[in-house]
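Working notes for the structure below.
Remember, predicted model here, so these are calculated numbers, not experimental data. Note: hydrogens, waters and symmetry copies are ignored here, and every other heavy atom, side chains too, is used.
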Amino acid sequence: MAELELIADYGCVVGEGPLWHPDEQRVYWIDIPSGRLFCYDPRTGDHGLVYEAGEAVGGFTVQADGSLLLFMTRGAIKTWRSGHVVTLIEEIPEERHTRFNDVVADPVGRVYGGTMATAERPGRLYRVDLDGTLRVILDNVGIPNGMDFTPDLQQMYFTDSVQRTIYLFDYDQESGTLTNQRVWVETPPGYGVPDGLTVDVEGAVWSARWDDGALYRYSPSGEVTWRIEFPARKVSSVAFGGSDYGDLYVTTAGGDNKAAEGAGAGALFRLRPGVRGRAPFRSRIRL
């Protein structure tokens, strides 16, 4: 039984996106609505707020140079490093009334990023190519969420929380093309919705479950092999980290209403499940 360790609790409304920074050996995470960016150093135990955007940040990646690539409200994309912010894309006109949600870098350095639905249309999944070109990959998405790649880099998982479904695509590394979309796992009604995810070295998928208070581990064939309960209803995202990628960092949401959402709502947790992950792929977006 993996023991849950509470690392930090900043009462995040939507704590999300834990991501290990290999150069710094630290983990970053965000509170989406406020754009607060936090950092934890496991070597010292120190953690704290390192940046406050003042507007929503839906997700981020680690760039090749070590900066963070922030995906924000209105489709803005910016880099951040030690308080210095550079705007790469001011806005995407079609996303002016919404924001990015989850994102992931691929092995080449492209980024796949989803945007939330508006009153006029569903959400979208974009691919940001190395030169900053934006391409719509999917245009009928409920809430775009957890994404990652199979260990052989031949397929990509993609979560649509509204559909309560994790999809699997065939992925072509050379072109970045996603094809052959099919249902991989569908969450039964009444058991929450799948949110962020990550893949371990054995090919198993760790999926955070919003409104079900748990983290699920699925075998490559889609069978539940482990369910870990959290003291929070909204388990939002998960990522491997640590010097050997043997630590799982997990975020929760609902910190503005702990009475209803649980004592651990809005926090960052760590557990050691006995299986390793891999280093996150770095984005290499140049403009």
Side-chain angles (χ1 to χ4, degrees), residues 2 17-23 27 59-64 69 102-114 125-130 135 137-138 141 144-161 163 165-187 194-209 215-228 237-250 271-285:
L19 187 64
W20 183 256
H21 197 304
D23 299 343
V27 65
F60 60 98
T61 60
V62 178
Q63 281 271 80
L69 189 65
D102 213 345
V103 302
V104 69
D106 81 353
V108 173
R110 310 175 190 95
V111 178
Y112 296 85
L125 177 65
Y126 285 87
R127 188 184 76 221
V128 187
D129 290 332
L130 303 187
R135 303 180 189 277
I137 304 299
L138 293 175
V141 180
N145 246 314
M147 294 171 272
D148 202 359
F149 299 87
T150 55
D152 63 6
L153 306 181
Q154 299 298 305
Q155 297 168 317
M156 189 183 100
Y157 295 99
F158 170 74
T159 304
D160 187 334
S161 294
Q163 299 299 323
T165 298
I166 303 173
Y167 294 98
L168 190 61
F169 288 88
D170 292 338
Y171 161 73
D172 181 75
Q173 184 171 326
E174 182 176 352
S175 66
T177 301
L178 302 178
T179 56
N180 190 26
Q181 180 181 7
R182 64 270 195 197
V183 173
W184 182 69
V185 163
E186 189 171 8
T187 301
D195 204 321
L197 65 75
T198 192
V199 178
D200 66 31
V201 294
E202 297 178 357
V205 174
W206 296 81
S207 175
R209 190 69 64 82
L215 176 67
Y216 283 74
R217 185 180 192 246
Y218 292 93
S219 70
S221 60
E223 299 173 344
V224 176
T225 61
W226 203 351
R227 181 182 184 274
I228 301 172
S237 195
V238 54
F240 280 96
S243 59
D244 62 351
Y245 292 96
D247 297 338
L248 267 179
Y249 289 96
V250 183
L271 60 105
R272 295 184 170 93
V275 65
R276 293 183 297 106
R278 65 184 171 208
F281 297 119
R282 294 180 186 244
S283 52
R284 301 177 185 275
I285 307 302

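- Checked by atom type and distance alone, the side chain of Thr159 never pairs as donor or acceptor with a backbone atom of Asn145 at under 3.5 Å.
- In terms of heavy atoms, Ile166 sits closest to Pro194 at CG1-CB, 4.1 Å.
- The backbone N or O of Gly146 sits less than 3.5 Å from a side-chain atom of Asp102, completing a donor-acceptor pair.
- Atoms OG1 and CG, from Thr198 and Asp148 in turn, are 4.5 Å apart once rounded to the nearest 0.5 Å.
- In this structure, Asp195 and Ser161 approach most closely via the heavy-atom pair CA-OG, 4.2 Å.
- Salt bridge status for Arg276 with Asp244: absent, with no side-chain N to carboxylate O gap under 4.0 Å.
- For the pair Phe60 and Leu69, the minimum side-chain heavy-atom distance is 4.5 Å or more.
- The backbone N or O of Ile285 sits less than 3.5 Å from a side-chain atom of Gln63, completing a donor-acceptor pair.
- The minimum heavy-atom distance between Pro220 and Gly203, with the atom names listed, is CG-O, 3.5 Å.
- With a 4.5 Å cut-off on side-chain heavy atoms, Phe169 and Leu138 count as touching.
- A 4.5 Å side-chain heavy-atom check between Phe158 and Val141 finds at least one atom pair inside the cut-off.
- A 4.5 Å side-chain heavy-atom check between Pro144 and Tyr126 finds every atom pair outside the cut-off.
- Each salt bridge (Lys or Arg N to Asp or Glu O under 4.0 Å) pair with one or both residues in residues 171-183, not counting sequence neighbours, appears once here: Asp170-Arg182.
- Across all non-hydrogen atoms, the minimal contact from Ala208 to Ser237 is CB-N, 3.5 Å.
- Remark: the backbone N or O of Gln173 is paired with a side-chain donor or acceptor of Arg110 at under 3.5 angstrom.
- With values rounded to the nearest 0.5 angstrom, Gln181 atom CD is found 9.5 Å from Met156 atom CE.
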Query raised in the report: Under the side-chain contact (heavy atoms from CB on, under 4.5 Å) criterion, do Val103 and Val128 qualify, and how do the steps go?
Result: CA-CA 10 Å; Val103 302; Val128 187; over 6 Å; no
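- Between the CZ atom of Phe240 and the CZ atom of Arg278 there is a distance of 10.0 Å, given to the nearest 0.5 Å.
- In this structure, Tyr218 and Trp184 have perpendicular ring planes: the angle between them is above 60°, well past the 30° mark.
- Of the candidates Asp106, Thr150, Thr177, Asp106 is the only one forming a side-chain hydrogen bond (donor to acceptor under 3.5 Å, both in side chains) with Tyr171.
- The two residues Leu125 and Gly114 have their closest heavy-atom pair at CD1-N, 3.9 Å.
- Tyr112 places a side-chain N or O within 3.5 Å of a backbone atom of Gly176 that can act as its donor or acceptor partner.
- Of all the heavy atoms in Ala105 and Ser283, the pair that sits closest is CB-N, 3.7 Å.
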Requested in this report: Begin with the C-alpha distance, continue with both residues' side-chain angles, and end with the deciding distance and a verdict on side-chain contact (heavy atoms from CB on, under 4.5 Å) for Tyr167 and Leu178.
Outcome: CA-CA 11 Å; Tyr167 294 98; Leu178 302 178; over 6 Å; no
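- Here the side chain of Thr225 pairs a donor or acceptor atom with the backbone of Arg217 at under 3.5 angstrom.
- Put simply, the residue from Leu197, Val199, Ile228 that forms a side-chain contact (heavy atoms from CB on, under 4.5 Å) with Trp206 is Ile228.
- For the pair Trp226 and Val275, the minimum side-chain heavy-atom distance is 4.5 Å or more.
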